[in-house]
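Every value quoted in this text rests on a predicted model; they were computed, and no experiment measured them. In this chain, residues are counted from 1 in sequence order.
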Amino acid sequence: MTVPHWLFGDQLGPHFLAPGPGGPARDAPVVMIEARSVFRRRRFHRAKAHLVLSAMRHRAAELGDRVRYVRAETYREGLREAVGGGPVTVHHPTSYAALRLVRSLDAVTVLPARGFLVARDDFRAWADGHGGERLRQEDFYRWVRRTHGLLMDGDGPAGGRWNHDHDNREPPPRGASTLGAPAPYRPREDDIDAEVREDLDRWERDGEVRFVGRDGPRLFPASRREALAALRRFAEHRLAGFGPHEDAMLARDPVMSHSLLSSSLNLGLLHPAECVEHAEDAWRAGRAPVNSVEGFVRQVAGWREYVWQLYWHFGDDYRHRNELRHRAPLPDWFLELDADAVRARCLATALAQVRDTGWTHHIPRLMLLGSHALQRGWDPEAVTDWFHRCFVDGYDWVMVPNVVGMSQYADGGRMTTKPYTSGGAYVHRMSDLCGGCVHRPGDRTGERACPYTAGYWAFLHRHRARLERNPRMTQAVRGLDRLGDLDELLDQELRRGDGPP
């Protein structure tokens, strides 16, 4: 009898059932388990819970009689109900916790991971060749492009440059409230979504689970068909305008020209290879400029692959790193996504986007939400958990390196060369969010002091001994000596505490 194959809820694309080396048998029965304990353990965003359950149930509907779909309290109970004590295969899961689970089950055979461009063994060989410790993302990205022939002209990069960041860091157009980009693909809900919403409502009503955030109409793909439509829509109509303003922010245009494909990739509905191939095809057909295409390829084949590999390379203890000794708990207004309590327009806007959709693009995540947490000295492990729970594309492997390493600098520089935080001047330059705010980006102290500007200097002062040894931070730290109001600023920030800014 053919050994059944177990699909986790982030392994939903056809490539996870493709036969061949390291794959299940062509006619293998499929097992899927909806474990209620996942939602009881953590307080996820309601829209995220809806998306994951909808995607799993859509995949089960596609597989029809081939799948045994079990709703159980735990994965162990579900697997026992599905196959008894019989053998089952599963692709390498995407978290340490899930890997420990499947390895603890005697009858489970773990197959190689799928859904990524770079095999773990290939990354280990590359890392060993680079000393294994300081692994620069730019070096990795160029290696991936060479190895996989992505956006290449012969032996060189398409367009003559590996990196088009210089062309992709423009502020938003002056006076514009939106980019005017074509609208992104949006799915239509169906009977499966209605069933999911009824279940979530009932679980909340019965006190079994608690969520955070709002669950409006589903905004992100929950099926392979929807994900492919979203990819085509982006590549054909939105990719051309993506590059120049990918780091910009506009209050009335939260999606701008971003792809909105991260949740589809992280659910396994799309494979990164097909995403970058669609983008490269758009450039070769003259539908998108090379800087926009390179920016997107860098996100998918560069950063996403890099984060996946570092999650495993750094080990499970990496999540506990706290080199800056930040211990403050996350305040209730942040945990509850209470954007209405926040006066700082930029932070209120980003928090409202998370509350309403479970998504913001990478700059609000890094330079508004993450930067504020870093400046206030919040516990990086708690910040990581918040991002994991509150974002529709958040998974353990995604958020541990992104938050611990990049956003909160909690590894002391193992992943990035400097902390990613700034004063209000950066927000003012890269957005329209300072207009109409009760704070002024240039004010460090006083009634209208910008919490980011004041918070930036307070952060530098608190960690001066460490940061003044960092060549990329030396000049910024020396700026502390030019502040005549530093004592006033520090007293102000102490009194501010962790209340909503």
Open item on the list: Could you check whether any side-chain heavy atom of Val52 comes within less than 4.5 Å of a side-chain heavy atom of Asp10, counting everything from C-beta outward?
Closed with: no
Open item on the list: Could you check whether any side-chain N or O of His439 sits under 3.5 Å from a backbone N or O of Ala449, counting only pairs where one atom can act as donor and the other as acceptor?
Closed with: yes
TODO: Could you check if a side-chain atom of Tyr185 sits within less than 4.5 angstrom of a side-chain atom of Arg232, using non-hydrogen atoms only?
DONE: no
Task: Arg197 and Asp201 ion-paired at < 4.0 Å - done: no
Task: Interatomic spacing from OH in Tyr426 to OG in Ser431 - rounded to 0.5 Å - done: 9.0 Å
Open item on the list: What I want to check is whether the side chains of Glu138 and Asn163 have a donor and an acceptor closer together than 3.5 Å.
Closed with: yes
Task: Thr417 versus Arg472, side-chain donor and acceptor atoms under 3.5 Å - done: yes
Task: Check: Phe44 and Phe39 side chains under 4.5 Å, non-hydrogen atoms - done: yes
Task: Distance under 6.0 Å and angle within 45° of ring axis: Lys48 vs Tyr395 - done: yes
Task: Any residue meeting side chain to side chain contact (heavy atoms under 4.5 Å, CB included) with Pro182, in chain and number order, not counting sequence neighbours - done: Arg233, His237, Arg238
Task: From CA spacing to verdict: salt bridge (charged side-chain N to carboxylate O under 4.0 Å, His left out), Arg214, Asp356 - done: CA-CA 5 Å; Arg214 300 174 179 174; Asp356 296 342; 3.2 Å; yes
- [ ] Please answer whether the main-chain N or O of Val398 pairs with a side-chain N or O of Asn402 as donor and acceptor at a distance below 3.5 Å.
- [x] yes
TODO: Determine whether the side chains of Arg161 and His164 contain a donor N or O and an acceptor N or O closer than 3.5 Å.
DONE: yes
TODO: To the nearest 0.5 Å, tell me how far Arg304 CZ sits from Leu265 CG.
DONE: 4.5 Å
Task: Presence of salt bridge, Glu493 and Arg376, under 4.0 angstrom - done: yes
Task: Heavy-atom side-chain proximity of Arg145 to Glu294 below 4.5 angstrom - done: yes
Open item on the list: Given 3.5 Å as the limit, does a donor-acceptor pair link the side chain of Asp190 with the main chain of Ile192, or not?
Closed with: yes
Task: Non-hydrogen side-chain atoms of Met367 and Ser422 separated by less than 4.5 Å - done: yes
TODO: Would you kindly say whether Asn168 and His245 are connected by a side-chain donor-acceptor distance under 3.5 Å?
DONE: no
TODO: For Cys390 and Val212, run side-chain contact (heavy atoms from CB on, under 4.5 Å): C-alpha distance rounded to whole Å, both residues' side-chain angles, the deciding distance at 0.1 Å, then the answer.
DONE: CA-CA 8 Å; Cys390 293; Val212 68; 4.0 Å; yes
- [ ] Report yes or no: do Asp193 and His50 form a side-chain donor-acceptor pair below 3.5 Å?
- [x] yes
Task: Pair Arg287 + Asp281: basic N to acidic O under 4.0 Å - done: no
TODO: Give a yes or no on whether a salt bridge exists between Arg355 and Asp340, defined as a side-chain N under 4.0 angstrom from a carboxylate O.
DONE: yes
Open item on the list: side-chain hydrogen bond (donor to acceptor under 3.5 Å, both in side chains), that's the test. Do His166 and Asn291 meet it? Break it down for me.
Closed with: CA-CA 9 Å; His166 179 74; Asn291 64 300; over 6 Å; no
Task: Whether Trp386 side chain and Phe334 backbone form a donor-acceptor pair below 3.5 Å - done: yes
TODO: Could you please spell out the steps behind the side-chain hydrogen bond (donor to acceptor under 3.5 Å, both in side chains) verdict for Gln375 and Thr421?
DONE: CA-CA 8 Å; Gln375 290 179 1; Thr421 188; 2.9 Å; yes
Open item on the list: Taking the six-membered ring for Trp, are Phe234 and Phe296 closer than 6.0 Å centroid to centroid?
Closed with: yes
Open item on the list: Quick one, Arg120 with Glu305, criterion salt bridge (charged side-chain N to carboxylate O under 4.0 Å, His left out). Give me CA distance, side-chain angles, the key distance, then yes/no.
Closed with: CA-CA 10 Å; Arg120 294 270 309 283; Glu305 293 286 322; over 6 Å; no
Task: Other residues, nucleotides, ligands: >12 heavy atoms within 6.0 Å of His15 NE2 - done: yes
Task: Considering all heavy atoms, the nearest Leu269-Glu274 contact - done: O-OE2, 4.3 Å
Task: Check: Glu277 side chain, Leu150 main-chain N or O, donor-acceptor pair, under 3.5 Å - done: no
Open item on the list: Ring centroids only, cut at 6.0 angstrom: are Phe242 and His258 within range, meaning strictly under it?
Closed with: yes
Task: Arg252 and Leu250: CA distance, side-chain angles, deciding distance, side-chain contact (heavy atoms from CB on, under 4.5 Å) verdict - done: CA-CA 6 Å; Arg252 292 179 53 195; Leu250 286 168; 6.0 Å; no
Task: Check against salt bridge (charged side-chain N to carboxylate O under 4.0 Å, His left out), Glu336 and Arg43 - done: CA-CA 10 Å; Glu336 297 297 327; Arg43 194 176 173 209; 2.8 Å; yes
Task: Validation row: Leu267, Leu51 side chains within 4.5 angstrom (heavy atoms) - done: yes
- [ ] Answer yes if the side chains of Ser262 and Asp393 hold a donor-acceptor pair under 3.5 Å, and no otherwise.
- [x] yes
Open item on the list: Using the side chain to side chain contact (heavy atoms under 4.5 Å, CB included) criterion, which residues pair with Arg466? Sequence neighbours excluded.
Closed with: Glu323, Leu324, Arg469
Open item on the list: For Arg448, is the CZ atom crowded, meaning more than 12 foreign heavy atoms sit under 6.0 Å from it?
Closed with: yes
Open item on the list: List the residues meeting side chain to side chain contact (heavy atoms under 4.5 Å, CB included) with Gln137, not counting sequence neighbours, and say none if there are none.
Closed with: Tyr141, Arg298, Trp303, Tyr306
Task: Polar side chain donor-acceptor pair, Gln353 to Thr360, under 3.5 angstrom - done: no
Task: Check: Arg218 side chain, Phe220 main-chain N or O, donor-acceptor pair, under 3.5 Å - done: yes
Open item on the list: Using a 6.0 Å cut-off, check whether atom CG of Asp153 has over 12 heavy atoms from anything other than its own residue.
Closed with: yes
TODO: Please tell me if the side chains of Cys275 and Leu231 come closer than 4.5 Å, counting only heavy atoms from C-beta onward.
DONE: yes
TODO: Indicate yes or no: does Glu468 engage Arg464 in a salt bridge with an N to O separation below 4.0 Å.
DONE: yes
- [ ] For the pair Asp485 (side chain) and Glu488 (backbone), establish whether a donor and an acceptor sit closer than 3.5 Å, ignoring hydrogens and angles.
- [x] no
Task: Closest non-hydrogen atom pair between Phe116 and Pro272, with its separation - done: CA-CG, 4.0 Å
Open item on the list: Counting only heavy atoms not in His326 (residues, nucleotides, ligands), do more than 12 fall under 6.0 Å from its NE2?
Closed with: yes
Open item on the list: Tell me whether Glu204 is salt-bridged to Arg46, with the criterion being a basic N under 4.0 Å from an acidic carboxylate O.
Closed with: yes
Task: Aromatic plane relationship, Phe123 with Trp126 - under 30° parallel, 30 to 60° tilted, over 60° perpendicular - done: tilted
Task: Residue Arg284 excluded, over 12 heavy atoms near CZ under 6.0 Å - done: yes
Open item on the list: If you apply the rule side-chain hydrogen bond (donor to acceptor under 3.5 Å, both in side chains), what do you find for Trp333 with Asp498, and how did you get there?
Closed with: CA-CA 9 Å; Trp333 61 267; Asp498 280 324; over 6 Å; no
Task: Distance-only polar pair, side chains of His58 and Ser54, donor-acceptor under 3.5 Å - done: yes
Open item on the list: Please identify which of these residues, Tyr311, Trp308, Phe314, meets the ring-ring contact (aromatic ring centres under 6.0 Å, His included) condition with Trp397.
Closed with: Trp308
TODO: Identify whether the distance between the nearest side-chain nitrogen and carboxylate oxygen of Arg136 and Asp139 falls below 4.0 Å.
DONE: yes
